[in-house]
Amino acid sequence: MALGNWGKEAAAPLGFAELYSGASSLGIQFSPKLKSLNGKRVSMVGFMAPPLKPTLAFFVLTKVPMAICPFCSTDADWPNDIVVVRLSKPVTALPYDQPIQVTGRLEVGSQIDRETGFVSLVRIIADTLERAK
Amino acid sequence: MVLTLMLTMLLSGGAAFAAQLPNFPYHSIDVLPIDRAKFLAGQKIDFEVELKDLGTIKSVEVLINYNPAEKFFGKAPVVKLAAGVSSYRIDQVSFAKPGPVNVIVNVLTEQGAASREVNYTVVADKAQKLAKNVILFVGDGMSLQARQMARILSKGLTEGKYHDLLEMEKMSNLALVTTSGMDSLVTDSANSASAYATGSKSAVNAMGIYPNSTGDPLDDPKVENIIELAKRSRGMATGIVSTANITDATPAAMVAHTRRRSEQNFIAASMLDPEHRPDVILGGGSQHFLPKSVPGSKRSDDRNLVEEFKSQGYTFAGNKTELNQIQNSAKVLGLFQLDNMNVYIDREVTKNPAVLGSFTDQPTLMDMTKQAINVLSKNQNGFFLMVEGACIDKQLHTVDWERATYDTIEMDKAIGIAKEFAKKNNDTLIIVVADHAHSASITGTYHELDGKTGRQAVRTYAEAGFPTFEDKNKDGFPDNPAPAVTLAIQYANHPEYYEDYKFNPEPIAPAIKSGSKTIANPKKDANGDLNSSKLPDTETQEVHTADDVPLTADGPGAEYFRGIMDNTEVFFGMVRALGLDAVK
């Protein structure tokens, strides 16, 4: 669904494999590409993880479709390469098993969601959500 | 008096007697610890009685062995009266003398009297020949069948006879362990590891506590665990090793006290508390130790636990090279992945960069076990070490028996290292046990040599013959996880998923969410058979089963383990072997 992208700057495509340039047990390194796109308009294709609550104005975009199993690990266990997508209003209409394309402004850096305590590193403030072609 | 009798009959958990007692449909008197709990003499517990929906309470009397509880424990209770749930609580008390303990709760309300009686057992048994050290191996989800898959792949068989047994099978004692928790027939790993660590049953998601009815996951009555007892009563060295997040259920239960296992940031910080701070902590999950400002952290605060451990004298290792370089440290924190460590097949066999990313130098469970024993065995008072093969479970959840089996073999080789150590002085008890089972069973073999595929190529009875796994380099692991004739493994309780009976080069989820339902993941075995599920469509993975699990043991105190035993007895077998005196 288009949330109105008229007059927006062109979006740079960004892939999950391009988010990080390295990692060790002492942390992840953001890739030069990710850092250079901070604050700019980007477009990513991934899967919408089932939201923590249907009323939330954010969801988690993942590389592969997710099936969280709290008794196999824990409900707090997400892969490291996730992107939080912030929305102006809650979205529940998209299927979780079909790839979607998210376009919006990229935000890089640790942030904690006030309502849920959810920690995110990479966020897209979305202006457009649509099924991936 | 009818009220009194009815309440005396009520079990913990609040069975409803609405017809007889219209004013109190959900009333109960819950005593924590629960009826038939068993303790080591001197083991510290928090004692709490919860009075639920009993109306206006006039007085509460708690008698222990017919003495007022405050007099018996020598401590005043904290009593909180409220409209819904009232609480009577005395923290950090113990039973000094072995024998039966009787608890009677008498409540006087405006509507009448109510009472409840529970009984405990207190033991202080010591083995004839004591163990100096205990090493507890927990194969998470390692059912009898999981052991057998490892035996087939690692040792092989000809004309029906195995060429050898696993290290975990060549042990003097064998028992079957029942795994249910206080709240449910089917346990999770927190609850079951808690039974091993404390000797008390808990509830799904809980560890080191009895669950009370408050929503706070950190206020439940605690039970002292094996690490706390080993440190407090004898100054022993202690260690936890796991291939999962080190804050995951099994290792966490050796240390922490919480109603909710997902409190992993709390659990990580709790590992610094002196009363249960393990000397050796090795595994995955650095994400819960790094401050939130560091990319990759899952903490919600600015604490850098790696630095806090270092300031407590810990040597830190972030990869296998650094772990192997450690020589003269008495305390080691090793975290080798941000999340769960990768499994043996991905780490050591396929070494697929797409799976491992930057984590190409992770130690094996053998490396970790060896270094843990090196460090801990310097303590003259002995040591307690828990080693978990965590991903046996995680891979069976995703119906990936090959990855689970290589991790079972990996743990078996770690057990071999522990047995070599134990042989030197014969003063170490080694226990190998699962915490619960999974439903994977060996139906026969699978091959496509005659062109058949899918379920038509599952070979049963005489057609099964034997699989063709080979181990030419004699490292105990099959050289190829995908031989021409492999095992046909079937699961009793899977979600809807596609199955082609072939090895998956990368780990992949069997099912995904589609709306509120779970559906087969179209990316896994797309050409395979669609296996419809027998589970509710809320379940996304294969689930634990209530099957009893095998336990094998060797060394001083191993004689305790035989026949069919409750899971809480693993704790009593360990403290008996060590002869711990917790009354001190």
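Numbers restart at 1 for each chain; the letters A, B, ... are given by sequence-line order, proteins then strands. All values below were derived from every heavy atom in this structure, side-chain atoms included, with hydrogens, water molecules and symmetry-related copies excluded.
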Seminar exercise, completed: side-chain hydrogen bond (donor to acceptor under 3.5 Å, both in side chains) test vs B:Asp188 passes for just one of B:His544, B:Arg261, B:His436, namely B:Arg261
Exercise. Given B:Asp248, which of B:Gln264, B:His288, B:Lys394 fulfils the side-chain hydrogen bond (donor to acceptor under 3.5 Å, both in side chains) condition?
Worked result: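 The side-chain hydrogen bond (donor to acceptor under 3.5 Å, both in side chains) with B:Asp248 is passed solely by B:Lys394 among B:Gln264, B:His288, B:Lys394.
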Problem set entry | Top contributor to chain A interface from B:Gly285, B:Pro522, B:Pro295, B:Pro510 [non-hydrogen pairs under 4.5 Å] | B:Pro295
Exercise. Most heavy-atom pairs under 4.5 angstrom with chain A, which of B:Leu335, B:Leu290, B:Val294, B:Val306?
Worked result: B:Leu290
Exercise. Given that the side chain runs from C-beta out, which part of A:Tyr20 has a heavy atom under 4.5 Å from chain B: side chain, backbone, both or neither?
Worked result: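 When you check distances to chain B, no heavy atom of A:Tyr20 falls under 4.5 Å.
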Seminar exercise, completed: Turns out that what part of A:Leu26 lies under 4.5 Å from chain B's heavy atoms comes down to both
Side chain, backbone, both or neither: which part of [X] has a heavy atom under 4.5 Å from chain A?
{"X": "B:Phe316", "result": "side chain"}
{"X": "B:Ser297", "result": "backbone"}
{"X": "B:Leu396", "result": "neither"}
{"X": "B:Ala249", "result": "neither"}
{"X": "B:Arg260", "result": "neither"}

Seminar exercise, completed: With chain B, the option among A:Ser120, A:Ser21, A:Ser24, A:Gly22 that has the most non-hydrogen atom pairs under 4.5 Å is A:Ser24
Exercise. So does A:Lys40 pair up with A:Glu9, basic N to acidic O under 4.0 Å?
Worked result: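 Looking at A:Lys40 and A:Glu9, the cut-off is not met.
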Exercise. Is B:Lys524 salt-bridged to B:Asp400, going by a charged N under 4.0 Å from an acidic O?
Worked result: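 Not counted as a salt bridge, because no side-chain N and carboxylate O are separated by less than 4.0 Å.
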Exercise. With distance as the sole criterion, is a donor-acceptor pair present between the side chains of B:Glu263 and B:Thr258 under 3.5 Å?
Worked result: no
For this session: Please check if any side-chain donor atom of B:Asn504 sits under 3.5 Å from a side-chain acceptor atom of B:Asp525, or the reverse.
Result: yes
Exercise. Between B:Glu388 and B:Ala244, is there a donor-acceptor pair closer than 3.5 Å when you use the side chain of the first and the backbone of the second?
Worked result: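 Not at all, since once roles are kept as given, no pair shorter than 3.5 Å links the two residues.
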